Amino acid sequence: MIESFKATLEEVSEADLLIHIVDLSHPRVDEQMEAVDSVIKELDAFGKQTLIVFNKIDNLENGAGGNRATSTGEPGRVDARGDESINREISETYVKRFPGSVAISARTGEGVNRLVGALENALSSWRLRSRFRIPSDQSALIAEIHRVGHVLELRYEGDDALIVAHVPPELAQKLARYAAES
């Protein structure tokens with residue numbers, strides 16, 4: 001099963017934006033997230049811009065007897081106030097723990113507007129074309145631009161690589177000192 005999952009995800013290396021949808025109602029949510037991260041690393045796509053979407057916020061009570069995922073990912077019990085306030089508390093904890101993430105319920109539509117806004121923000125950053133002059137001895141950085149960004153042009157002048165690329169905001173900040181004039 002893992003091998004078929006990996007085969008399906010081979011497209012990840014070509015993607016500009018990854019959307020990691022997490023079942024927040026699962027009692028082992030953190031383990032599942034770590035498993036996905038591990039596969040993304042194996043596919044050499046770790047570091048790509050990723051939007052984490054915590055789904056099923058309407059279903060945090062997991063199964064009969066009130067078992068649910070807790071903010072640590074361990075199974076827990078819903079107490080006497082096992083209502084919307086606990087659901088909101090859990091989803092808010094995860095959104096704070098993973099900045100830039102959003103919490104939604106695909107079933108009820110709660111949070112979908114925040115998801116659309118997050119997608120618009122993430123995708124709009126890719127519209128900016130950036131130029132960089134990177135010393136050739138910074139081959140790891142040049143490789144990261146190829147792995148995480150979308151290279152439009154690459155040429156070498158002397159000991160420098162001149163790169164025109166679309167890169168995610170996190171990488172653009174890292175490359176700020178290498179910004180080149182048009």
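This one's a predicted model, so the numbers in the text were calculated from it and none came from an experiment.
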Review point. Going from CG on Asn59 to NE2 on His26, what distance comes out if it is rounded to the nearest 0.5 angstrom?
Key: 12.0 Å
Practice item. Provide the closest heavy-atom pair for Phe54 versus Ser101 in the form atom of the first, atom of the second, distance. Key: CE1-OG, 3.5 Å
Review point. Between the side chains of Tyr94 and Asp30, is a donor N or O closer than 3.5 angstrom to an acceptor N or O?
Key: yes
Check your understanding: From His166 NE2 over to Ile145 CD1, what is the distance, rounded to the nearest 0.5 angstrom?
Key -> 13.5 Å
**Study point:** Note: Arg133-Glu181 ion pair, threshold 4.0 Å (strictly below)
**Key:** no
Review point. Does a side-chain heavy-atom distance below 4.5 Å link Ser130 with Val164?
Key: no
Check your understanding: Do the side chains of Thr50 and Ile19 get nearer than 4.5 Å, heavy atoms only?
Key -> no
Review point. Quick check: does any side chain N or O of Ser139 sit under 3.5 Å from a backbone N or O of Asp137, one acting as donor and the other as acceptor?
Key: no
Review point. Picking from Val36, Ile52, Leu51, Ile40, what satisfies side-chain contact (heavy atoms from CB on, under 4.5 Å) with Leu18?
Key: Ile40
Point to revise | Stepwise side chain to side chain contact (heavy atoms under 4.5 Å, CB included) test for Leu175 and Leu141 | key: CA-CA 9 Å; Leu175 295 169; Leu141 196 53; 3.6 Å; yes
Revision key, fill the gap. Taken in chain and number order and not counting sequence neighbours, the residues that satisfy side-chain hydrogen bond (donor to acceptor under 3.5 Å, both in side chains) with Gln138 are none
Study note, to complete from the structure: Separation between CD (Gln32) and CG (Leu24), nearest 0.5 Å, reads 10.5 Å
Review point. Which atom names give the shortest non-hydrogen contact between Lys48 and Val12, and what distance separates them?
Key: CE-O, 3.4 Å
Exercise for review: Locate the shortest heavy-atom distance separating Ile57 from Ser91; write the atom from each residue and the value.
Suggested key: CG2-CB, 3.8 Å
Below 3.5 Å, can you tabulate the donor-acceptor pairs from side chains in residues 102-110 to any protein atom, sequence neighbours excluded?
| unit_1 | atom_1 | unit_2 | atom_2 | d |
| --- | --- | --- | --- | --- |
| Ser105 | OG | Asp58 | OD1 | 2.8 |
| Ser105 | OG | Arg107 | N | 3.4 |
| Ser105 | OG | Thr108 | N | 3.0 |
| Ser105 | OG | Thr108 | OG1 | 3.0 |
| Arg107 | NE | Asp58 | OD2 | 2.8 |
| Arg107 | NH2 | Asp58 | OD2 | 2.6 |
| Thr108 | OG1 | Glu110 | N | 3.3 |
| Glu110 | OE2 | Arg88 | NH1 | 3.4 |

Check your understanding: Val22 versus Val53: any side-chain heavy-atom pair under 4.5 Å?
Key -> no
Check your understanding: Do the side chain of Thr93 and the main chain of Glu89 share a donor and acceptor less than 3.5 angstrom apart?
Key -> yes
Review point. Honestly curious: do Val151 and Phe132 fall in one hydrophobic cluster under the side-chain, below-4.5 Å linking rule?
Key: yes
Exercise for review: Determine whether His146 and Leu154 make a side-chain contact, defined as any pair of heavy atoms from C-beta on separated by less than 4.5 Å.
Suggested key: yes
Exercise for review: Indicate the atoms forming the closest heavy-atom contact of Val148 with Pro168, along with that distance.
Suggested key: CG1-CG, 3.6 Å
Review point. If you group Ile, Leu, Val, Met, Phe, Trp and Tyr whenever their side-chain heavy atoms sit less than 4.5 Å apart, what else falls in with Leu162?
Key: none
Review point. Counting only heavy atoms not in Asp37, do more than 12 sit closer than 6.0 Å to its CG atom?
Key: yes
Check your understanding: Could you go step by step and tell me if Tyr178 and Ile163 meet the side chain to side chain contact (heavy atoms under 4.5 Å, CB included) rule?
Key -> CA-CA 10 Å; Tyr178 299 108; Ile163 300 174; over 6 Å; no
Revision key, fill the gap. Rounded to the nearest 0.5 angstrom, the CD1-CG distance for Ile21 and Leu115 is 8.0 Å
Practice item. With rounding to the nearest 0.5 Å, note down the distance linking CE in Met33 to CZ in Arg28. Key: 16.0 Å
Review point. Got a second to check how far Arg147's CZ is from Leu171's CG, nearest 0.5 Å?
Key: 9.0 Å
